[in-house]
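This report refers to the structure that appears directly beneath it.
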Amino acid sequence: MARKLAAGNWKMNGTTAALAEVAALTAAIEAETCEVLLCPPATLISRMADMAQGSGLMIGGQTCHPNGSGAHTGDISAAMLTDAGASHVILGHSERRADHGETDEDVAAQTAAATGEGLIAIVCVGETEAERDAGVTLNVVSTQLAGSVPEGTDLAKLVIAYEPVWAIGTGRTPTLEQIAEVHDHMRAELTERFGQGAHNIPLLYGGSVKQSNAAEIFAVSNVDGALVGGASLKAADFSGIVSALSGA
Ligand code: 13P
């Protein structure tokens, strides 16, 4: 069985004032049994990690560069994330793929760098609406999975997030059957490639997860948690999703 993880992706949101949400969240999740992670903008990682010490909350980054250091203005390395107190990093989010032209090859290099530094890599995959309409969702997910997760990856440092691009920030979600179809497919592909150890890789669903739909999504086969955007910004909303996962 994979461990359960509720992960929040703050994207490009949050300044010092938002740290109040972290204090509220650490208090709200005290009794919860699942893993809880927040991935704030890089500017808040260190302060959030300090606040989260001794609580059940873990802190992560939203991307990292494949290289350890060097002339890459604006980028952040895996070692910098761990130094700031991060334990995880989101890689290959569709917004990175779209805004920064990141390819599967880039994401594989980032994954190798992150896991090599001891970070847990949350590798994101997911189809566009046009791809779903064309009936190629499973092919797209297979290609991204195969290309974005490098050979020899330490499975203990791998999490996969299925995020249909058309469900992100739109309030639309796939049907539970559609989520099950993709998650079962990912589990089968990962098991074929990596063996039985792949059953321990947490598979997260992401895209318009909120308190009101979380429980039904967490009941779906091979869904081990969620990667949450908008509903992770407020502790009151996110803690409801964490409770739903703990109880699933
Ligand atoms: P929303 O939960 O805002 O749809 O965002 C999902 C997402 O992209 C998380 O990485």
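Numbering of ligands and ligand atoms starts at 1, following listing order.
When only modelled atom types and interatomic distance are considered, Asp106 and Thr103 share a side-chain donor-acceptor pair under 3.5 Å. Between the side chains of Glu131 and Thr137, no donor N or O sits under 3.5 Å from an acceptor N or O.
Each of Glu163, Gln62, Glu102 was compared with His93 under the side-chain hydrogen bond (donor to acceptor under 3.5 Å, both in side chains) criterion, and only Glu163 meets it.
Within the structure, every pair that satisfies the salt bridge (Lys or Arg N to Asp or Glu O under 4.0 Å) test and touches residues 34-51, not counting sequence neighbours, is listed here: Arg3-Glu35. The stretch residues 176-202 participates, sequence neighbours left out, in these ring pair (Phe, Tyr, Trp, His ring centres under 6.0 Å) pairs: Tyr162-His183. Each ring pair (Phe, Tyr, Trp, His ring centres under 6.0 Å) pair with one or both residues in residues 23-81, not counting sequence neighbours, appears once here: His65-His72.
Near ligand 1, residues Asn9, Lys11, His93, Glu163, Ala167, Ile168, Gly169, Gly207, Ser208, Leu227, Val228, Gly229, Gly230 come within 4.0 angstrom through at least one heavy atom.
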